[in-house]
Structure formats: C-alpha cells, structure tokens
Asker: 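Below is a structure I'd like to ask you about.
First the proteins, then the strands, lettered A, B, ... as listed; each starts at 1.
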Protein chains: 2
Amino acid sequence: MPWLAQTPKNAVVNEICDRIWLAVVQRTLRPGTRLKEEDLAEIFGATRARVRQALALLEQDGLVTLSPNRGACIAEPGIEEARDAFATRLHVEQRLVTRLCGKITPAQVATLRTHVARERAAHQAADSEAMIRLSGEFHMLIATLAEGELLHRILRTLTIRTSLITAMYQAKAAQTCGPDEHGRIVDAIAAHDEVAAIAEMTHHMQHLEAELDLSDRAQPTSGLRKALLGRG
Amino acid sequence: MPWLAQTPKNAVVNEICDRIWLAVVQRTLRPGTRLKEEDLAEIFGATRARVRQALALLEQDGLVTLSPNRGACIAEPGIEEARDAFATRLHVEQRLVTRLCGKITPAQVATLRTHVARERAAHQAADSEAMIRLSGEFHMLIATLAEGELLHRILRTLTIRTSLITAMYQAKAAQTCGPDEHGRIVDAIAAHDEVAAIAEMTHHMQHLEAELDLSDRAQPTSGLRKALLGRG
DNA sequence: ACAGGCAATATTGTCAACGTTTTTGTCAAC
DNA sequence: GTTGACAAAAACGTTGACAATATTGCCTGT
C-alpha cells in the first residue's frame, strides 16, 4: 500500500510510479538514466499510454525530468536544489508537528506507536524495502493526523524529492532513518511537548541531511558537462 | 504571459489551462460545472488528447476534480478546505517575505515597484483581466525573487486554489486585491523591515479572506443535495 | 399509477498505427 | 585526417477509432 498514490484512480499507473520510485531510492536506477517509454511499457507489461501517464505524474513530483521530443530521465537535482528541498521540508515538518502536538489523541498516539513498532520490526528483519516504505509512511502519517490536506500533499512531494536526493548524494548505504528517532518524535508529540517535538524533528531532518555529501565536488552523476569539465 | 505555466513545454495545453482558470476566476465558469472533453476540444480547436492533458494538470492544481468514467468538473472546495488553503498560503507567503527581506536588492525593489505600477494602471483602466493576472503575478514575483524553487511551486498551487475559493465564496464582485496593499508590502520589503513586511502580508491575506462568506450557509454552489435540501 | 428493470445514448478510457523530431552513423570534400 | 552535410534509424508526439462504463429514457408487470 504505497503512500505514493496521490489519486488512486488507476492501479496500473500507480504501480509503475511506485516501482520507478522504489528503484530510484534503492539506487537501482541512477539519476540521469534515460527512461524509454517503449522499454518501460514492455517491462511493466503495460501500454505506452499508461507509461506516459506515469511519467507525467512522476514529473510533477520532480522525480523525472521530461524534455520535449527527448524523453524522460531520472531527475538530477543539484546541490542548491537539495538544500532547498531539505530546508522546505524541515519547515513543513515543523509546522505539522506543531499542529499535531496541539490536538493529538491517545488513539492517534497508539497509531503512531504501532507504526514505529513496524519500523523496528522491519529494521531487525533487515527488510530494506519495508524500511524505506515505512520510513516515508511515518512522516505521511503525521501529516494525515495533523489534518491538513494541502500540507499533506506538499509534504508528499517534498518527501519524494528528498528521497531522490538522499539516494543521490548519500555516501553510505544505510540510508533509511532509524526507527529510534521516529520513536523519540512520537514520545514528544504524545507528551504534548511542542518544543521537544520540534527539536526532535529538526534533529531528525538535520541528521538525514548531514549524512549526505553535498560538497561541490559531488556533482550530479550524469552531468556530462559538469562531470567532465570542472563544472564550468 | 500567464504565470500559470508550470512547464512551458506545450503551448496549447497551457493555453487551455489558462483559459479555464481565467473563466473560473472571472466567474464565467461556476464551480461544479461539468467539463466535457469533446466540447472543450471543439471550443479550443484542439484534440481531445490535449484537453485531457490540460485537465490532468488542472486536477493537480486542484482546479478541477476528475472522477473515473465521469469526467471533469470545476472543483468545489468546501469551507474547511477554503480555510486550510488560506492558512497554508499565509504561512508560505510569510516565509517568502521573510526570506526576501534579508536579501532584497535595489534592482529587485525596482522590479516590484514597476509591477505595482502596472497593477495601478490596470486598476485605473478597469481592465479586470489584467488586474486578476497581475494580482497573482505579484505574489509569484515575490516567490521568484525569494529564490526557492519549491516554495515557488507550492505558492503557485496555493494561489490557484485561493483564486478558485475567492471566485466561489466572495459576495462582492470586486475581488482582486487592490494595488495599495501590494505597494505597502513592497515598501516594507524595500526597507528590509521584516516584521512590518510580515504584518503587511498578513493583513493583506486576512483582508482577502475576510471578504469571503465562509459561513456555513454558503455551501458549494452545485452541491445538489446540500443546495436543495437544507444541507442535510 | 408506480416501481423495477432494460435498452439506447452519451461520455470517458484505451489502444494501435502514423507522422515528426532527434539522434547517430556514414561518406564525400577539403 | 578532419569537417561538414546527409541519410537512416530510433524514439517521441499525435491522431483517430474502438471498447468499457455511466446516465437517461422507456417499457412492462404488478
């Protein structure tokens, strides 16, 4: 049940989007990779029209770039864009946490705790796909409980983009945020401790960003001009 | 030169989106109106595929709702969604203004002043289309100068949605925000006065929201059940 | 006369084929 | 030996037609 689905109208298209996203965050698909419509159509056993719809959606989410008459590539956000994404997402997450602290119910706390428990289980089982999915889902769950349809949508896009950036710039393989930090966030929210919750969330996001290599040399994988020339 | 264009790849699709948006904010198209693909195709002299693309984009922006096998309607955001949209947009605008205050240059101030002047001209000429366009463009210009690609995109969506809400719930006909308030915002930004700029922007947005009739009785125009029955 | 089901119509969803643009490989001229 | 243009191939964009689905009007049975 992927949290990617924005409008669960067409299962096939969502499936394609989900697979591509998963391949990107699992680093199976490297940024800059060209995505030929026909190949994707054959791979997923779908028609080209469906693939085209999926690519259009993924472009909206900033996961692929769509050039006219050139086709689709996995997007390659630059360093500036990476920082922008994290900064914006941090801001949104802070606001969501603030909201949620004010109106959290015991039942909602239980929901969050259950989710973190599932994350822990996936972590111990070393199920990387589940870890990735649940990690993202945790933040979306906060947005859902905070009850802001728009903020929810915004966070969804930002989460997708930061996922891509993490897969792109993170040196070490262990990319998914550990369940412990999520647990601490839940604790603070459950205690209605707004400042602590914001602090934990901020720490969490900064931890994520700190693990990236956003130095200048870490240029986009397939920048070509930037990769070969000294980023003129 | 519509600020609606998110990806200026296809002129025809953008044209369609722009026209529909304009018709909505000008209250020519009422919320709930069904948009038949074939009719739109004939109206705009385009093919149905193009219309379909445009509708998909407009759905992303929350301007139309797309039901499977039912087609497209102009969206009818409820009161909760309306408040949500204004609250979210206010927050984003505040952040943008804060950012811009820190790094505004004289040239950028000049750009803003020029824009406000154009707004004033349109206001005096009673050119309603230009007023609407320029009003939205002003806020997008702030986002552009503030240099946050993501916030820019977010504000764009929020502006579109608040436009729809304004057209939907505003009682009086004079809907576009007057140039004076924009002028005061620019003054505060030009003076690097962060608190004043935020205050002006907040006042501006609250003024916009205050002119709406968001009482419970003001149900969506074409709610059918809600419109005919006493909102059971 | 009314309710329920059935068929006709209208509208959207899907697909396969065609035209256009870009890319790449080749060849001739300098 | 290199450069430039040209042609072949591949990929995308577009079109039109066909199938699936929802709505509407009608008809029959009670």
Asker: Atom CG of B/Asp39 to atom P of C/dA10: distance rounded to whole Å?
Answerer: 12 Å

Asker: Provide, to the nearest angstrom, the distance between the CZ atom belonging to B/Arg34 and the P atom belonging to D/dA22.
Answerer: 13 Å

Asker: Just how far, in rounded Å, is C1' of D/dC12 from CG of A/Leu35?
Answerer: 14 Å

Asker: Take the protein atom NZ of B/Lys36 and the nucleotide atom P of D/dT21, then report the distance between them rounded to whole Å.
Answerer: 21 Å

Asker: Under 4.0 Å between a side-chain nitrogen and a carboxylate oxygen: does that hold for B/Arg153 and B/Glu149?
Answerer: no

Asker: Within less than 4.0 Å of OP1 or OP2 of C/dT14, is there a side-chain N or O belonging to A/Asn10?
Answerer: yes

Asker: May I ask which nucleotide in the shown strands pairs with D/dA8, Watson-Crick or G-U wobble, both distances under 3.5 Å?
Answerer: C/dT23

Asker: Could you list the donor-acceptor pairs under 3.5 angstrom formed between side-chain atoms of residues 85-92 of chain B and any protein atom two or more places apart in sequence or on another chain?
Answerer:
residue, atom, partner, partner atom, Å
B/Thr88, OG1, B/Asp84, O, 2.8
B/Thr88, OG1, B/Asp84, OD1, 3.4
B/Arg89, NE, B/Glu93, OE2, 2.9
B/Arg89, NH1, B/Thr162, OG1, 2.8
B/Arg89, NH2, B/Glu93, OE2, 3.1
B/Arg89, NH2, B/His139, ND1, 3.4
B/His91, ND1, A/Arg95, NH1, 3.4
B/His91, NE2, A/His91, NE2, 3.2

Asker: Would you call A/Asp18-A/Arg133 a salt bridge at under 4.0 Å N-O?
Answerer: yes

Asker: Rounding to a whole Å, what distance do you find between A/Leu66:CG and D/dC12:C1'?
Answerer: 10 Å

Asker: Under 4.0 Å, heavy atoms only, any strand: does B/Leu55 hit a base, just the sugar-phosphate, or nothing?
Answerer: nothing

Asker: Whom does C/dA29 pair with, Watson-Crick or G-U wobble, provided both distances fall under 3.5 Å?
Answerer: D/dT2

Asker: Check B/Cys73 against B/Arg34 and note the closest heavy-atom contact, atom names and distance.
Answerer: SG-CG, 3.6 Å

Asker: Does CZ belonging to B/Arg19 count more than 12 external heavy atoms closer than 6.0 Å?
Answerer: no

Asker: Distance check needed: D/dG13 P versus A/Glu38 CD, whole Å only.
Answerer: 13 Å

Asker: Aromatic contact between B/His115 and B/His182, with the criterion being ring centroids under 6.0 Å apart: yes or no?
Answerer: no

Asker: Atom CD of residue position B/Glu42 - does it have more than 12 heavy atoms of other residues, nucleotides or ligands inside 6.0 Å?
Answerer: no

Asker: Measure all distances between protein nitrogen or oxygen atoms and nitrogen or oxygen atoms of nucleotides 15-22 of chain C, and list the pairs falling under 3.5 Å.
Answerer:
residue, atom, partner, partner atom, Å
C/dC15, OP2, A/Thr47, OG1, 3.2

Asker: Between D/dG13 atom C1' and B/Arg52 atom CZ, what is the distance in whole Å?
Answerer: 16 Å

